[in-house]
Each structure stands twice: as structure tokens, then as C-alpha cells.
Undergrad: 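Structure in C-alpha cells, see below.
Below, chain A is the first sequence line, B the second, and so on; all start at residue 1. Keep in mind that the numbers below use all heavy atoms, side chains included, and drop hydrogens, waters and symmetry copies.
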Amino acid sequence: MRFDIYDFTSFTQDIDRLLQENLTPFWATVAELTIVGVVILAFYALVGLFLVYAERKVCAFMQNRLGPNRVGPFGIFQTIADLIKLLMKELIPIKHADKILFNLAPFIVIIASFMAIAAIPFARGLHAIDLNIGVFYVFAVSSMGVIGILLAGWSSNNKYSLIGAMRSGAMVVSYELSVGLSLLSIVIFAGTMQLSGIVESQADGWWIFKGHIPAFIAFLLFITASTAETNRGPFDLAEAESELTAGFHTEYSGIRFAFFFLAEYMNMFIVASIAVTIFLGGWMPLQFGGLEGFNTVMAYIPPLVWFFLKVAFVIYLMMWFKWTFPRLRIDQILTLEWKYLLPLSLINTVLIALVVLLGWHF
Amino acid sequence: MNVIINYFKDIFQGVWSLIQGMRVTGYYFFHPRQIVTQQYPENRDKLVMFERFKGEVIMPHDENNQHRCTGCGICEINCPNGSIEILTETVINEEGKKEKRIDKHIYHLSMCTFCGLCVKTCPSDALAWGNEFEHAVYDRHKLTKVLNQPGSSLKKEPKSTAKEIKA
Amino acid sequence: MEREQLKEAIARLAPGLEFPENAQLTEVLAPTAGFRDLCKALRSDAALQFDYLISMTAVDYPDHIVLVYHLHSSALGHTLVLKQKLTDREKAEADTVSDLWLTAEYQEREVFDLFGVHFNGHQDMRRIFLEDHWVGHPLRKDYVDEINIIER
Amino acid sequence: MSTETSTLNLFIGENDEYIINMGPQHPSTHGVLRLELALKGELVERVVPHVGYIHRGIEKMSEKLPYPQIIHLTDRMDYLSALMNNEAVCLAAESALQVEVPERVKYVRTILAELQRLASHQLWWCAFGMDLGALTTFFYGLRDREKILDIFEESFGSRLLHSYYLPGGLMHDIHPNFQKRVKEFLKYFRKKLPEYDQLLTGNVIFQNRVKGIGLLSKEDAISYGVTGPSGRGSGFACDVRKHQPYSAYDKVEFTECLHTDGDTWARYKVRVQEMWESMHIIEQLIDNIPEGDYTAKMKAIIKLPAGEYFQRVETARGELAVYIVSDGNKTPYRIHFRTPNFSNMFVMSKIGVGCKIADLVALGGSLDLVIPDIDR
């Protein structure tokens, strides 16, 4: 089995071959699915825990605080301690709650984010599934989570939860458009919807650089709209703790609450990964034409490191938004989408189509 | 045309104002020296409270286990919450005269509002503020304290010195 | 406006006004009858313009309750203490001024709550601080509560 | 506004109203205030405030206490302007006894009042930001407020509830380091206050959130008795410091911050401007504190002559008026506190109508309510 840090294709193919040789095709598939599932699950939990810690540290540093510093060195085990606490907490049954929906909602939220991870290419050949309509798939799956939020708000039998859920619904319906259009602009550039294909098309330069100003605008639009889609930052209306106490998850406790919590951070990760894949060249290193030495050094850094560094950057950006800006009001959020983001995305898409037609991009 | 220009102007101005805010938080993010957190239990040894800090009412005793409280009861009258109780006893002193002196100066920390009137009004300056602030206990009754130490006695001093101290 | 001028201007408005001497501020003791009309006049009179009700409260005396209104003119800057005496302590009643000064709506509710003065014409005469089923009016001097009030 | 609609268990009120209870436990009511809201979607159709959750009967308690002992109770009304509350009672007692307090006391009281106002406005600023979802403001405001609290702690040993004044003067003299520390703080805060503007005031999201929200006309402000920065945001010139100067306010030069818009944005601007003004006032006084006694000669037992005394003081939230009826004893016959928040809060039932829930939070924050001050 050859393990290459720069190209995982042969590695994954070797594993596949190994399984196919030793097992019947059916069991080989089952084994592969299991491996992929376990790996992604472990990854999911790890990233979730790390992101919670990172968010707490980032916001603490921005606020002149130290952040968690009690459990372990620099408090790195704080989130694990929190997780254990959440696991041990009582699941409080709510009177007159719609029991089935109430229990189902956190799972829908978490499954939606779980599914989206499958399509993300972490490095060359390192992805669970490389759909030829990857962009479309991710886009479709990631907006499923809002169903969970709506169900949670509705079934909690709590008025604050219901308001939060309705806000979330209204937001997602509108922000889908901008997300879609800004992704579409790069699809126009790359000429493919396959996520790995889009990454490969950025071997000689990331789309955010290659695509002139329109691509940069598309990136900003995407970051803004996707922050809204993940119910974060200045757009966290669905939970708006100063207005609705905790919004849709007011009534949830214990592990069910942990699911919502984890899903929020994973959604952030997914959105950042998509932004990286589409705009920032995925696992591709930073390359500049003409700087041979620089390019070699950059190319020497493994793609996985590149990918996660970029994701960390985008996530940091989103955290920076959240801990700086005041929250928008529901009508302002809709105004922002329908009056600013959507027209801009439309104009931007047309511009990009022109750029592509005239061959102005690199 | 103006409408369109204003539209884009709004966007740019808005984004610029957002960047201004991000500059502030970004500055602090990259300047961890500005962190103001005090790590409390760790810095306990170095932690110095201000000398006037009102932690609790204490009755200072000197090295001979003597205090200045005469048991006059002015602090008890001046306490708005009844957190001071003074129990006096009558004893016969060396000269054979009956003398009223303090038995117990009881201080209910749990009822104290730290208004400082007892310390302020004490005519013989027997009370003072202590700097202790870690008052958490598991039993409320532990917050009821007897301020005069067992076996302590009244410090006899010429009246002039008492006045000087007061001044 | 000087105190004497103020007194003259107010005395013109209604008959039977008393001006107690030696008060810190200009003081008027008005009869209960026609009190609302006097207030209306005080508020609208061009020379007085008492548009700001600083505070409205009551004082309980052994045989009567006095309602005290501290009025101020935001434009002209003079202050007046307006009083009315309610002689019936058991069934104390007064006319509301809550439509003249909107803040009076809540201050009257407070007086009702703590003194038991009922204001006629008030649209929402409920207790404001205490629970609806509270017995007695705590700020009256004869109020007894053996559990919560410790005499010392 | 009948009592029937306030039944808690009703899911749907009259006319299909969606009734929710904001509070008594709610992050943005700043204490135990309960607002009963009738909603139509996100729109607020009716606001019914319910108060009294922490009614302690301070007025009743005060009737049993001698004057120096009342002072510590006033701390607990508006705990963020404790010194101004203390000052109100002291001034009333002093004017009744016709005691002339030393100049030093007047200066120190003015400086402390302004420091307290700064501290209070800082806390308001950070809590206001947090109400609107900008959580970081909270820490910046508290960080700077801490410096003022340290000054307080050094001088009189307490950080929040001071009871530092007595009728006739101060409890004890200020700390020798006081002037140096205050000057250090002013230098520090003059650098930090522009940061507040950068972070929040100029922010486009923030401006959109507060502009045109909770319009309060000048007439309504006067009629409701909305005073302090909230009233001045509506153009109601109600600064007692300016119109009936007490302590050393007649010796300093400062502007009364007035805005005529009457919306949340105007109230915000008034408060931020007042922070600058407070610093300006302190700077004029801090170097000129006259030497002298820290208290006037007072009798051991203070008995006000029989009569009625009324004293107005400008606290951080508005006008605090103390009304004392004395029968010549050492305890007041009746003492009434006209507290600023009492009037300021009830105006919400008027200006809150037609807002969205988020706006209600914003305008509640801009009124800067301290609930114990309402309940007393």
C-alpha cells in the first residue's frame, strides 16, 4: 500500500483493491461504507470539539479575556469536559411537546451536516464520494438542516422557540439564492460542478485571484450568505439570546442540545470547506506565476495542511464577524438579501459570464 | 443614475464601517498582552486588596490580646440591620468596684450591608475593616462571629492617646 | 417666576386655595372638590404651564391622607407643591389626573397599592408592586405585618 | 388592558394575539421586569409592564431608620448610581438643617458623581451592545469600568454599594492617591472612548438597528416624566445639574446634551456625549479640590426640623427626587423617592407598540433600566 501525503488516490484505491480481493463485492462495499462512516464520524466529533474550543479562545482573545484555561493546559480539554457534562445531563421531557418531532429534530440537523461532509474533497483522492454534481449536492443537503430547526421550534411548545424557528425558515429560504448564485459564478468559471474538478481547475491559481473582482465579490457574497445560512454571527436570529432567550433550542437539554450545538459548528466547517474548495483552491498550494522558488516551497507543504489552514482562515473570518457585529433584525436580514445580496449576485453572475465569454480570466 | 450611485455608495460605506469595527476586535486578538483577566485562585498570594477595602468588620487586638471595645453599644444602635449584638457582663475589678465590660461582640456577617456606620461611629475606635473577602462557608451559622477574642481584655490607655488616635 | 407672583397666578385659577407659609417650595393646599379642574388649569395656563409631574405621592396622617403633587414647568422652570387632603382614611378617594400627566397613571397605581387611595376615573386601577391578593396597604402607619416587620 | 388578558396560560389572546411573557427571567430585561407582549408575528401590538418582583419597601423601612442609616438603603435602589442616591438624601438633610458643607465635600461629591455616571454609562454601553447582539462590547465596557471601580475601592472600600456620604459630608476623606488615579483614568479613557465609536457607533448594522426605533416625542417625554439621557434624547431639557445646580455644578462649565429626534439612536448619542461631558467636568475639578474638612460639624443624632423637604438630583438615569416629611424626630415621618426608572420604564408601553421584538429589546436597552430602582 503506497501512502503519499500529496496524492491519496493510490492510497484509497489500494484499500479498495485490498477489500475487493479479500471479500465478496457486497461485503467489500459494506466494509468500505463502514470505514468511511466511522472515519467521518470520528472526524466530525473531533472537528466539532476543536471548533468549539477554537471559538471560545478566539472570542476570548478578542474580548481581552483568556478563555477556557482550567481543564488541561490552556484549557484544551474544556470541550471534552463539556461534552461529558452534556452527555450526563438529564433529557428534560417537555409537557405537550410533539414527542416524535421533538426527538427527531436534532437528528435531522446533524444528519444534514453529516451528509454534506461526504462530498468535500480534503486532498487529492481523499473524499467519501466525488459526485459530478458535487456543488449541487452540497448545496441541496446543507439546506436540509433548517427542517430540523423548524421542527425543533414547532414541537417544543414554546413561543420563543416558534418565533426563532420561523425566523430561521424565512432566512434560509432567502439566503439560499445568494449562496447558489455565488457558487454558480465559479461553476461558470470552472465549467464543472464536480468539486474535485473545480479544485483541479485552480492548480495554476485560485479562482478568487484568477476571476478578477467578480470572483472576489462572489466570495464575499458567499461568506455573508453562508454565515446567514448557518445561523451564525450577526445573523443568529434563530437563537438570538437577547431576544428569544435561546430560540429554537430553548427547550433542549443534554445530548439533544449538544447535537444542535455540534451541528452549528459543523455547518460552519462545511461552509468554510466549500468556500475553500470553490474560491480558495481547495487543497492547492498558493502559487504565483514567475516566483519559482516560492512556488516550490509552497508546493512542498502537504495539501491536507493547505486545506485545513484555509478552512481555519475562513472560520476565523466568520468568528471575527460574529464577535464584532451586532445582530440584524429580521426585516433587515431579508432586506439585506433581497435588496443587496441578490441583485449583486445577479449582476455578478452576468459579469462573470461576460468575463468568461470574453476570455478575460487567466 | 443618482439612485444607483447612492446604492453602491451605501454598500461601500456600510462595508467600510464594518471593517472599522473589525479592526478594533482584530487589534485585541493580535495583542494578547492587553488581556485583563485575573486568574484568581492562582494569584491569591500576590493579590493585595486596597487598604480601605470593606471585607468584614473586625476588632483589632494588640499583642497583649487587648482591644479597645468598651461595650458602649453605639455600634449596635447605629447598625441599620441589627447585625451587631453586644453582650456585656458586670464584673468586680481590682479596685473592688463594679464594672461593666464586654462579654461578646457578636457580628452577623450574613446580615451586614457594609455601610460602615459602626466603624465610623465607634467612639473608641475599637472596630475596623478587615481585608478578608473569602467568606463562603457551607453553614450560615459560621457567618456569625464573635469579634473579641477569648480571654481578651480592654486596653487601658490614657484618654489623651485615645483622642489622638481618633483625630 | 417669583414665589409671590406664582401664588397670585395660581390663586386666580380657583377659589379656596390655601398657601401654607414657611414651606421650602411654593405650596398650595387645594380643596378636593374641583381638584381636577385646577390641575387642568395649572397645566394649560399660559403663565404657569406645569407640564411635568415630577412626583406624586401620599402622606398618611392619623386622621387624614394628604396627596402631594410636585409639579414643574419644563419651559418656565418653576416648581410647585400641590396638595389635597383626603379626610376619609377608610374610603379614601380622589380624582385621577392620569390623563393630564401620563406618568400619573403609574404613580397613582403606586399610591393605590401602598396607601389604598382609590382614584376615580383611572382606567387601570390595579396594584402595581404587590400581589393582587395582598391584604392592607403597607405604607399606612397602622399597617401591621407581624412576620415581616421587626420592631426594634 | 383588562386583567383577563394577562392570564399566563393563554396561548392565543384576544383577536388572535400571540401573547408572550418577556421576563421576569429574560436576558435583556436587565433584571426582574416582566413585559407582557401581544404579538402579531414579529410585531408588538401591546406592551404591559409588570413590576414589583423585587419590591423591598425601602420607603417603609426608612420610616424606622435614622437619617444616616437610610443612606445605605438608597444604594440599593439604583445600584449603578449609588453615590448620587446617597447625595440626594444628604442634600435634603443638609438643606433642612441649613448646614453649609465644606467646599472640599462639594468638589469631591461632584467628581464622584461624574465618575459614577461614567461607570454607569459604560455599563449601559456594553449592555446595550449585548442586547443588540454585539457581545464583545460587554467586555470592553466592563474592562474600562473596572478602572473606575478600583478608584472607588481605594477611596472607600466598596465597588458598587458605597454608602460613602453622610449628612454633612463624607464618611471619611478621599484616599491620597485619588487625584492621581483619576487623572490616569481620564488619560486612559480618552483613548478608549473613540474605540467605542469605532466598534459600535459607526457600525452600519448598529445604526440601522437603532435609528427611528421607539420614537418618543418631547411632549410625551415630559408627560411621562422621562428624564435623564432618555428624556434629553427627546429634547426635554431636564438636566437638574444645569437647571438647579447642587454641589459644585455651578462652578463647572458643561453642556447639556440635547437631541431632538427622540429615537433610540438619539438616546444612544446623548449617553455617549455625556461620557465626554463627564470627563470634561472631572477635568475641571480634579486639580482644584480645595483643602479642608471632609465633613461639616454635625450633631451625633441628626434630627430634621419639622417640615417638608424636597431635593432633586440628577443620577445617571434621570431625575431622582427625595421628598422627606419630618415631624422633628430622628427618623423621617415619610420619605418618598421619585426614582428615574419608574417613569422611564412605563413609557415602554407607549413607544414599544408597533416595534418588532428585536426593537423592543433595543429600546429597552436605550432606556437603560435598573429594575430595583423601579420597585424600590
Side-chain angles (χ1 to χ4, degrees), chain A residues 55-56 58-67 95-96 157-171 224 227-228 231-247 250 319-336 339-340, chain D residues 8-13 17-23 25-30 37 39 41-44 126-144 146 192 198-201 203-211 213 355-362 364-365:
Chain A
E55 163 119 63
R56 292 171 73 171
V58 167
C59 83
F61 273 66
M62 283 180 177
Q63 295 166 345
N64 281 350
R65 294 184 291 129
L66 279 174
K95 243 185 204 171
H96 306 303
N157 188 28
N158 178 319
K159 297 179 187 179
Y160 284 119
S161 301
L162 187 56
I163 296 174
M166 288 307 158
R167 284 178 175 186
S168 171
M171 252 163 66
T224 318
T227 312
N231 281 330
R232 263 191 68 83
F235 308 102
D236 55 346
L237 281 173
E239 41 189 281
E241 83 285 329
S242 66
E243 294 150 30
L244 306 178
T245 59
T250 309
M319 286 178 181
W320 200 357
F321 291 155
K322 167 156 185 173
W323 296 105
T324 307
F325 302 144
R327 189 181 300 114
L328 278 83
R329 209 169 56 205
I330 179 69
D331 59 325
Q332 287 167 353
I333 278 201
L334 299 181
T335 311
L336 177 70
K339 273 180 150 171
Y340 293 94
Chain D
L8 272 169
N9 301 329
L10 271 183
F11 195 66
I12 303 294
E17 280 164 338
Y18 190 75
I19 307 237
I20 66 172
N21 273 291
M22 202 161 158
Q25 306 289 331
H26 191 279
S28 62
T29 51
H30 298 260
L37 309 180
L39 303 178
E42 287 263 343
L43 286 175
V44 177
C126 59
F128 188 46
M130 206 168 70
D131 282 345
L132 296 175
L135 296 159
T136 304
T137 60
F138 193 70
F139 294 91
Y140 292 172
L142 285 187
R143 176 194 67 198
D144 300 338
E146 200 71 6
K192 292 289 175 193
Q198 231 179 354
L199 185 64
L200 202 61
T201 316
N203 193 307
V204 64
I205 302 175
F206 174 75
Q207 294 199 356
N208 279 322
R209 277 296 300 275
V210 294
K211 275 183 184 166
I213 301 304
C355 293
K356 300 193 172 55
I357 306 171
D359 293 339
L360 197 75
V361 170

Undergrad: As a test of understanding, state which of I213(D), L132(D), I205(D) forms a side-chain contact (heavy atoms from CB on, under 4.5 Å) with R329(A).
TA: I213(D)
Undergrad: Under 4.5 Å from any heavy atom of chain D, what part of Q63(A) do you find: side chain, backbone, both or neither?
TA: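 It is both, since atoms from each part get that close.
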Undergrad: Could you report the tightest heavy-atom contact between C126(D) and F138(D), atom names first, then the distance?
TA: CB-CA, 3.2 Å
Undergrad: Closest heavy-atom contact between A60(A) and L66(A)?
TA: CB-C, 3.7 Å
Undergrad: Can you see which heavy atom on Y160(A) is nearest to which on N21(D), and at what distance?
TA: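 Where Y160(A) meets N21(D) most closely, the heavy atoms are OH-O, 2.7 Å.
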Undergrad: What option among M22(D), R143(D), E42(D) has the most heavy-atom pairs under 4.5 Å with chain A?
TA: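 The residue among M22(D), R143(D), E42(D) with the greatest pair count is E42(D).
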Undergrad: Could you look at I330(A) and say if it's the side chain, the backbone, both or neither that has a heavy atom under 4.5 Å from chain D?
TA: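 Side chain only.
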Undergrad: So for L39(D), is it side chain, backbone, both, or neither that comes closer than 4.5 Å to the heavy atoms of chain A?
TA: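 Contact with chain A is through the side chain of L39(D) alone.
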Undergrad: State, to 0.1 Å, how close L360(D) and C355(D) come at their nearest heavy-atom pair, and which atoms those are.
TA: N-CB, 4.3 Å
Undergrad: Using non-hydrogen atoms only, which part of L37(D) is less than 4.5 Å away from chain A: side chain, backbone, both, or neither?
TA: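 Neither the backbone nor the side chain of L37(D) comes within 4.5 Å of chain A.
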Undergrad: For N208(D), which atoms come within 4.5 Å of any heavy atom of chain A: side chain, backbone, both, or neither?
TA: both
Undergrad: Looking at F206(D), I'd like to know if the NZ or CZ of R209(D) sits under 6.0 Å from its six-membered ring centre while staying within 45 degrees of the ring's axis.
TA: no
Undergrad: Shorter than 4.5 Å, heavy atoms on both sides: which option in D331(A), L237(A), L336(A) has the most such pairs with chain D?
TA: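 So the answer, after comparing D331(A), L237(A), L336(A), is D331(A).
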